[in-house]
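Structure first, commentary second.
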Amino acid sequence: NINIINGNDEAAIIANTDLQSLITSDRSYLYVDVGGGSTEFTLYSGGEVVASRSFKLGTVRILEGLVGHTIWEEVETWIKEVTKGHTRIDLIGSGGNINKIFKLSGKKDGKPLTYFYMVSFYEFLQSYTYEERVIELGLNLDRADVIIPATEIYLKSMNFCKSNQIIIPRIGLADGIIRMISYDENFGNQLLY
């Protein structure tokens, strides 16, 4: 049987990944997993999940003009509310687009990307047409269009929580599902991808 999971379930599964190895108790982290249809946000502080929410803010939705100003306002309000009083917030980025951005940066694994780098990369991407991003930058056909709105989501998230860097651990939904299956065989029988 195939079960469709909603955005909140997806956020909970992602929160069940091995992020604990990255998270220290002396600071706060906003985990942002950008997909085509939605983006999941999870705030960690003191090594624990403080809040988690999914928004219908995805790269494909943005490209199709389905994300209005209201959604961005909801995301901004939620991020600012849950991060209020938290200092030294780092973003943790998840998803195929941020993994590609990180690969193109040439940085070594474990090194964060700065807000300044992300702004520069966003401007760099926008200077190319879709075809140039495929031919000159070597992006896959299904990546060359969605990478720009994905970068916008990460940048705005960084801005909303006043983060100056993004950590890319290269883990996501699949990792959370695998972990859940390994701990609960019944879950593996209920969910099939």
One should read off an interatomic distance between Thr59 OG1 and Glu64 CD, to the nearest 0.5 angstrom, of 9.5 Å
Closest heavy-atom contact between Gln165 and Pro112?
-> OE1-CG, 3.2 Å
Atom pair CZ (Phe160) and CH2 (Trp78), whose distance is rounded to the nearest 0.5 Å = 12.5 Å
All pairs passing side chain to side chain donor-acceptor pair (under 3.5 Å) where residues 112-124 contributes a residue, at least two apart | Tyr122-Gln126
Answer yes if Leu139 and Val146 sit in the same cluster of Ile, Leu, Val, Met, Phe, Trp and Tyr residues linked by side chain heavy atoms under 4.5 Å apart, and no otherwise.
-> no
Val67, Met158: one ILVMFWY side-chain cluster at the under-4.5 Å cut-off?
-> yes
For Lys111 and Phe102 the tightest heavy-atom approach is O-CE1, 3.1 Å
Do you know which two heavy atoms are closest between Phe124 and Tyr128, and how far apart they sit?
-> O-CD1, 3.2 Å
Answer whether the closest heavy-atom distance between the side chains of Glu74 and Ile71 falls below 4.5 Å.
-> yes
For the atom pair CD1 (Ile62) and OG1 (Thr39), what is the distance rounded to the nearest 0.5 Å?
-> 7.0 Å
Say whether, by atom type as modelled, one donor and one acceptor occur between the side chain of Thr83 and the main chain of His86 under 3.5 angstrom.
-> no
Answer yes if Leu125 and Val119 sit in the same cluster of Ile, Leu, Val, Met, Phe, Trp and Tyr residues linked by side chain heavy atoms under 4.5 Å apart, and no otherwise.
-> yes
So if you build clusters from Ile, Leu, Val, Met, Phe, Trp, Tyr with side-chain heavy-atom gaps below 4.5 Å, do Tyr130 and Leu137 land together?
-> no
Consider only side-chain heavy atoms of I, L, V, M, F, W and Y, link residues closer than 4.5 Å, and tell whether Val134 and Ile148 are in one cluster.
-> no
Nearest 0.5 Å, what's the NZ-CD1 distance between Lys84 and Ile79?
-> 16.0 Å
Ignoring hydrogens and geometry, is there a side-chain-to-backbone donor-acceptor pair from Glu76 to Glu73 under 3.5 Å?
-> no
Side chain Ser45, main chain Ser28, donor-acceptor under 3.5 Å = no
Is any side-chain heavy atom of Cys161 less than 4.5 Å from a side-chain heavy atom of Leu91?
-> yes
Contact check, side chains of Val34 and Ile98, non-hydrogen atoms, under 4.5 Å | no
Before giving the answer on side chain to side chain contact (heavy atoms under 4.5 Å, CB included), spell out for Thr151 and Asn97 the whole-Å C-alpha distance, their side-chain angles and the decisive distance to 0.1 Å.
-> CA-CA 8 Å; Thr151 308; Asn97 288 296; over 6 Å; no
Run the side chain to side chain contact (heavy atoms under 4.5 Å, CB included) check on Ile92 and Val32 step by step: do they pass?
-> CA-CA 6 Å; Ile92 298 175; Val32 182; over 6 Å; no
About how many Å separate CZ of Arg27 and OG1 of Thr87, when rounded to the nearest 0.5 Å?
-> 9.0 Å
Intermediate values then yes/no, side chain to side chain contact (heavy atoms under 4.5 Å, CB included), Tyr44 and Val50 = CA-CA 5 Å; Tyr44 292 86; Val50 173; over 6 Å; no
Leu30 CG to Phe41 CZ distance, which is reported to the nearest 0.5 Å | 6.5 Å
Would Ile89 and Tyr29 count as a side chain to side chain contact (heavy atoms under 4.5 Å, CB included) if you check the C-alpha gap in whole Å, the side-chain angles of each, and the deciding distance to 0.1 Å?
-> CA-CA 5 Å; Ile89 297 173; Tyr29 303 85; 5.9 Å; no
If you measure only the distance, is there a donor-acceptor pair under 3.5 Å linking the side chains of Glu40 and Ser38?
-> yes
